[in-house]
Structure formats: C-alpha cells, structure tokens
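Have a look at the structure below before the remarks.
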There are 2 protein chains.
Amino acid sequence: MATIYEVAKLAGVSPATVSRVFNGMGVSEEKALAVREAARQLRFSPNRTARTLRRQESEVIALVIPDIENPYFTELARGVEDVAQSAGYSVVLCNTDSDLDKESTYLQIAISEHMAGVILAAASDHTNLDDIMAAGRPVVAVDRGTGYDIDGVVMANRTAGQAATENLVQSGYRRIACITGPEHIETAYERAQGWRAVIARNFPDADPDELLRFSTFRVDGGRDVMEELLALPEPPDAVVAANNMLGVGAIQVLTEHGLTPPRVGVAVVGSLPFTTLSPSVVTVVRLPARHMGVTAARMLLERINGDDQPARTIVLRNELQPARTAAPASSATRSSAAASSTVPATATPVAAPETTRA
Amino acid sequence: MATIYEVAKLAGVSPATVSRVFNGMGVSEEKALAVREAARQLRFSPNRTARTLRRQESEVIALVIPDIENPYFTELARGVEDVAQSAGYSVVLCNTDSDLDKESTYLQIAISEHMAGVILAAASDHTNLDDIMAAGRPVVAVDRGTGYDIDGVVMANRTAGQAATENLVQSGYRRIACITGPEHIETAYERAQGWRAVIARNFPDADPDELLRFSTFRVDGGRDVMEELLALPEPPDAVVAANNMLGVGAIQVLTEHGLTPPRVGVAVVGSLPFTTLSPSVVTVVRLPARHMGVTAARMLLERINGDDQPARTIVLRNELQPARTAAPASSATRSSAAASSTVPATATPVAAPETTRA
DNA sequence: GTGAAAGCGCTAACAT
DNA sequence: ATGTTAGCGCTTTCAC
C-alpha cells in the first residue's frame with residue numbers, strides 16, 4: 001500500500017499536510033484537492049496500525065460476550081454496532097465461551113491493540129479487570145456486574161423472575177419449578193431469587209429448593225434439567241426458565257414427552273426469536289437486549305470522550321408477554337385476570353429504561 | 001504499559017534480547033529467566049500495534065458475515081474460532097448486514113490493520129475484492145462464491161434444494177411452493193434451482209414459477225411471502241424454505257393460520273437450532289455450518305503460511321433429516337418409503353466433505 | 001548469543 | 001497554512 005510520503009510527493013506537499021487532509025485539519029482547498037487526487041491515484045488508504053501506534057488509541061471497541069450462539073447476545077451486539085458505527089468506531093466481537101482464560105486473553109488483546117474501550121458481559125464474577133483498568137481503558141459491563149466500580153447496564157433480573165413466576169401462579173399452576181444458569185452468574189442467581197420470592201409468598205409450605213435447578217445457560221442444560229424434573233416422583237406442573245436457551249431446551253423436552261405447553265406451564269425470561277410455537281402458549285418476559293447494547297455503547301462513547309463522572313448503573317425494565325392460554329382444567333383455580341391480560345403476538349414493545357446512580 | 005526497554009533495563013539486557021525471549025528465538029536460559037521475571041514484575045505485555053507495524057502482519061483474522069443474528073453464521077463462526085484460536089490467531093467478527101458499503105469498509109479495515117487473512121461470506125455477487133487481493137491478503141470465501149479465483153467452501157445447494165423438495169413429493173404433497181432469498185445471492189438461486197428441477201420432473205404440467213418466491217433471507221421475509229402464498233386462490237399444500245430464517249417465518253405464519261405442519265408440509269434447507277416443534281414435523285436438510293467454518297479456517301491458515309497452490313473449492317455434503325409424519329390424509333398418495341425413512345430426533349450426523357478442484 | 005541501531009507509517013509539536 | 005522532525009514500541013539486520 002501507498003504511504004503518505006508517496007501521496008505527499010505526488011501532490012507536491014509535505015507528509016504532514018497529507019495527514020492533515022485525512023484528519024480534517026485546516027488545509028487550503030487547493031492543496032486538499034491535490035492530496036485527495038493523489039491519494040485516489042495511488043489507491044492510498046491510511047495505515048491504521050501506524051496511526052494507532054502513534055495516537056495510542058484505535059477506533060475499535062471490543063464487545064466481549066460469553067456465547068455468540070445465543071441470540072440474546074447477538075441482539076445485544078446489533079445495538080452496540082449501530083451506535084458504534086455511526087460514531088465512526090468499528091466493533092470486534094470476542095466470544096469467550098464463558099471461559100475465564102479466553103476472556104482474559106481478549107482483554108489483554110484489547111489493551112495491547114489500544115482499543116478505545118470494552119463492553120463486557122463477564123464470564124463469571126471472578127473476572128479480573130485490574131490490567132485493563134490500570135491501562136486506563138474504559139469498560140462498560142453489560143448483562144452482569146463485575147465487582148468493579150464501573151459503568152453498567154443490566155436487566156431487572158429479580159423482577160423478571162418474579163413476573164414470570166407470578167404469571168404462572170395466576171394461570172393456576174401450583175408446582176412451579178425453576179431452571180436457571182450457574183449459581184455464580186449474577187443473572188442466574190437473581191432471576192432464581194425472583195422465583196423464590198413468589199413461591200414463598202404463594203406456597204409457604206413448599207420446600208423452596210426442591211424444584212430449583214442450577215444448570216448451564218444453554219439448550220442442553222435446559223434439556224437435562226427438564227428431564228430430571230419430569231423424572232421426579234411428583235413432577236412440576238409448570239416451569240420458569242431463566243433464559244432463552246434454557247427455555248428452548250425445556251420446551252423441547254416437554255414436547256417430546258407429549259406435555260406441550262400449556263399442559264405444563266412455561267414462562268421464559270428472555271425472548272424466543274426463532275421459535276415457531278402457536279401464538280403465545282408460553283409466557284415470555286421480554287428482555288430489551290438491543291436496547292442494552294445501544295445504552296452501553298453510548299455510555300462507553302462518553303467515557304472514551306473523556307467523561308469522568310462517577311460510575312453509573314442503568315437498570316432496564318422488562319416487559320411481560322403473557323401466554324394467551326392458561327393452565328389446563330386439571331389444574332387448580334385460575335384467575336380470570338390472567339386470561340384477560342393478553343397481548344397481540346405481533347406487538348413490538350419498546351423497553352423504557354429506568355436510570356439509577358450507583 | 002511497560003515497554004521492552006523498561007523490561008530490558010530491569011533484566012540487565014538489551015531490548016533485542018527481550019524481544020527474542022518473547023518470540024522464541026535463541027536466548028541463554030539465564031537471561032531468558034531474568035527477562036521473564038522482569039516482565040512479570042512490570043506486568044509487561046507486548047504492544048501488538050508496534051509489532052504489527054514492524055512485521056506488517058497481525059495475528060488476527062477477520063470473519064465477515066452478512067447477518068450476525070442468523071444462527072447459521074454464528075455456528076460457522078464457532079468453527080472458524082476453534083481452529084483459529086488453537087493456531088494462535090484471534091478472530092474478529094464483522095457484520096455487514098448484507099450492505100456492500102459496510103462490507104467494503106470492513107475489508108478496507110482488514111487491509112489497513114494488516115490482518116492475516118479474511119474469511120468472507122459475501123453480501124452479494126458484486127463484492128469487490130480488488131484492493132484486498134492487491135494487498136496480498138489471503139481470502140477464503142464461505143457459503144457463497146465471489147467471482148474471484150480464490151479458495152472457497154460451499155454447501156451443495158442445488159442438491160439440498162432437491163432433497164428437501166423430493167422429500168415433500170414422496171410424502172404425498174403435490175402443490176409445493178418454494179421460498180428463497182434474493183435472486184442475486186448464489187445460495188438462494190441454486191437452492192431454488194434444485195426445487196425447480198424436482199418440480200419439473202414430478203409435475204411437468206405445473207407452471208414452474210407460480211409458486212416460487214424470492215425474498216430476503218430473514219424471518220420477516222419468510223413471513224411476508226408465506227402470507228402471500230396462503231392468499232393465493234389455490235394455495236400450496238407444502239413449502240420448501242431455502243434457509244433457516246425463512247423456514248422459521250413460514251412456520252410461524254402457518255401456525256398462526258392453524259395450518260401447523262404437517263397439515264401444510266414444510267421442508268427447510270438449514271438447521272433450526274432453537275425450534276421447539278414436536279419431534280420432526282418438518283423436514284430439515286442439515287447444513288454443516290460449523291464444519292464449513294473449520295474447513296475455511298484451515299484453508300486460510302495454509303495460505304497465511306505461504307501455501308500457493310491453485311485455488312480450491314470444497315463442497316460440503318448435506319444431510320437429510322426427514323419429517324416423521326407424512327402429509328395429511330386429504331393429500332394424495334403417499335409412498336410408504338417416506339414413512340419408513342425416519343431418523344431419531346437426537347441423531348447428530350457428521351457431515352462428510354467432498355473435495356473438488358476449481 | 002547478544003547488542004546497537006534503523007525503520008515500519010503515522011501524528012503532533014514546533015518552527016516558519 | 002505549511003513544512004520539518006522526533007518518536008510511538010517493536011523487530012531485525014548487522015556487527016561483534
């Protein structure tokens with residue numbers, strides 16, 4: 001590739017002038033034109049590596065996520081991308097596979113490539129950010145906290161778990177299980193806490209943890225644990241899945257056992273973008289993943305531009321999309337309120353964020 | 001961050017020696033130890049930007065895809081990642097949204113960041129690779145060709161379209177529509193060609209294109225076009241969806257109309273990882289996306305390492321997973337062969353690649 | 001085996 | 001407004 005020196009020579013100016021043209025500094029119209037023409041002829045495109053080395057900062061931001069195959073995270077990625085792109089940044093996606101080593105490798109790369117900042121959905125609560133903080137790179141946490149005092153955007157997880165569970169209770173289910181992710185992941189724990197609270201309130205005599213299962217946040221995890229629950233002497237009549245993947249796994253297993261919802265009630269925290277269920281047989285607590293990405297990207301850009309106000313945490317509100325069908329007749333009383341609170345399947349709700357200072 | 005100069009001073013050696021230690025060149029055991037210790041103390045990590053500028057090559061490869069929200073491409077990404085990682089390369093994912101401008105921006109970045117190579121699922125057949133070829137960066141095409149004489153890995157698209165259609169014919173369906181992607185995308189066109197061939201052979205009197213629809217390769221596209229088909233005076237009794245997203249959209253609409261498969265037959269080219277359908281009511285032609293990623297990454301690494309044999313194209317074989325249920329009784333004769341060729345829902349077939357020289 | 005020194009392509013003082 | 005120049009941190013000849 002051509003360099004600014006070659007362009008400068010062809011245009012009859014100094015390298016500095018070429019650089020100025022490409023960085024929007026003050027250059028006379030005449031010379032600017034000559035430079036652009038020369039650059040075009042030589043198919044010149046500035047060497048970002050050299051620029052980054054010199055400037056000590058690149059125009060790329062890293063989005064570090066635990067599972068690229070989870071539509072929740074790809075939706076998040078779209079939000080980040082859209083904001084970043086229009087601000088002139090490119091986004092590189094790093095998939096950690098929930099592996100702390102991979103995650104720390106990517107964070108190290110972010111440092112040593114002088115990336116402008118990082119948006120991180122931490123692999124666990126043990127993620128170490130010492131180095132990247134020391135390097136002065138802004139980091140925004142998404143989906144999960146980190147234990148560091150940094151900006152973050154999270155879902156209202158406890159509320160989401162509660163809403164999902166309450167909906168099942170109101171539909172008349174009475175043995176409601178909960179399938180969630182690894183206990184050391186904040187979202188998994190908090191959504192389960194929401195479930196716990198509703199169960200304790202409605203069924204004070206129930207052994208709270210008999211029907212609670214920690215697993216992975218993946219389809220397989222949902223499958224395994226659902227099988228386990230069905231094999232119980234007294235299986236549940238409904239289940240809360242703490243994320244989309246678990247929900248898919250659980251529904252698959254139920255379907256295979258001939259227990260398609262609503263024969264067994266299902267409520268899922270998270271959207272199911274690629275399911276093909278008949279309209280709304282499962283309750284969904286929609287998580288505004290795209291919006292989370294947009295918000296996080298905006299916060300990161302602010303930090304990149306030097307904003308140094310105290311760290312903020314933004315909690316995004318979720319939206320309940322109740323199932324249209326209620327529990328089968330064999331189940332107990334069902335509130336008529338539940339049946340009436342339906343929502344068209346095609347509704348595209350807008351998530352309103354509620355802001356909190358950390 | 002610390003530099004090699006600081007490490008060198010602390011270890012009592014020259015910067016060159018520090019560099020050698022970190023690049024596995026011959027250095028005495030004694031000095032190597034001192035360097036490592038100094039590096040540890042200073043939390044030194046080599047500056048990749050400087051290295052890349054000097055070496056004119058970085059250890060990252062770009063994976064450029066049209067839709068990061070499509071599970072087919074994320075599965076592909078996993079394959080690429082696994083191979084790349086174990087070879088010491090990191091992968092950055094670039095989402096073009098099927099937009100030629102975004103795509104060309106990313107290709108430009110790949111050049112100017114001196115990336116080691118690119119794996120590209122082209123946004124269309126108009127993708128311009130002149131610059132990146134001129135820069136001497138290896139490019140491997142995946143999923144779709146590019147019009148350039150470069151390495152590639154593709155699915156057997158025509159065969160896949162045929163297999164999907166044939167399965168519906170054998171199940172007794174007789175008015176079989178085809179929903180496919182944009183005509184200028186190779187995979188969309190070829191899968192439709194497979195459908196065309198089977199229809200022409202079995203129903204020579206049918207107007208071949210009455211039931212053919214080009215759309216986008218997205219859920220919405222599948223929905224819109226499925227609605228259109230159902231509104232026909234004589235709607236189809238079955239449909240071939242040319243990719244996973246179209247399949248999801250089509251099935252959603254059918255379900256909403258109370259026409260859940262197999263009342264209307266559905267065959268999909270591509271896997272449906274997140275569906276929750278009862279076991280195998282739709283026929284799936286499984287596409288080995290992960291395998292495609294693995295293969296492409298291996299080819300790219302060979303090129304990066306200087307291999308300069310003629311360009312190769314590898315065609316991956318697909319695998320038919322027939323629906324377990326056949327057409328409803330209202331449909332015409334159904335071959336008993338179809339009913340017997342079932343496959344357990346849990347089977348995880350291994351895709352065998354077949355190699356071809358371009 | 002080891003060190004000295006040049007230079008990758010760019011940007012940002014500084015000087016004019 | 002424009003040119004000159006030093007230097008970002010590393011790798012790699014070239015001497016020794």
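We use all heavy atoms of the structure for the numbers below, so side chains are in, but hydrogens, waters and symmetry mates are not. Below, chain A is the first sequence line, B the second, and so on; all start at residue 1. Since the model is a prediction, treat every value here as computed from it, not as a measurement.
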Pick base, sugar-phosphate or nothing for [X], based on heavy-atom distances below 4.0 Å to the nucleic acid.
| X | value |
| --- | --- |
| B:Thr17 | sugar-phosphate |
| A:Phe44 | sugar-phosphate |
| A:Arg20 | base |

Please tell me which of A:Ala50 and B:Gly26 maps to the more 5' nucleotide of DNA chain C, matching each residue to the nucleotide holding its nearest heavy atom.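 By nearest-heavy-atom nucleotide position, the 5'-most residue is B:Gly26.
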
Do B:Asn95 and B:Tyr106 meet the criterion of a side-chain donor-acceptor pair at a distance under 3.5 Å?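 Side chains of B:Asn95 and B:Tyr106: no pair found under 3.5 Å.
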
Between [N] and [X], is there an OP1 or OP2 to side-chain N/O distance shorter than 4.0 Å?
| X | N | result |
| --- | --- | --- |
| B:Asn23 | D:dT11 | yes |
| A:Thr52 | C:dC10 | no |
| A:Ser14 | D:dG3 | yes |
| A:Thr49 | C:dC10 | no |

Which nucleotide, D:dT2, D:dG9, D:dA6, lies nearest any side-chain atom of B:Leu53?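 So the side chain of B:Leu53 is nearest to D:dG9.
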
Partners of B:Glu186 by salt bridge (Lys or Arg N to Asp or Glu O under 4.0 Å), sequence neighbours excluded?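 Salt bridge (Lys or Arg N to Asp or Glu O under 4.0 Å) list for B:Glu186, sorted by chain: empty.
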
Axial bend angle, the helix from C:dG1-D:dC16 to C:dT16-D:dA1: five-pair end segments, nearest 10°: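 End-to-end axis angle for the helix from C:dG1-D:dC16 to C:dT16-D:dA1: 30°, rounded to 10°.
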
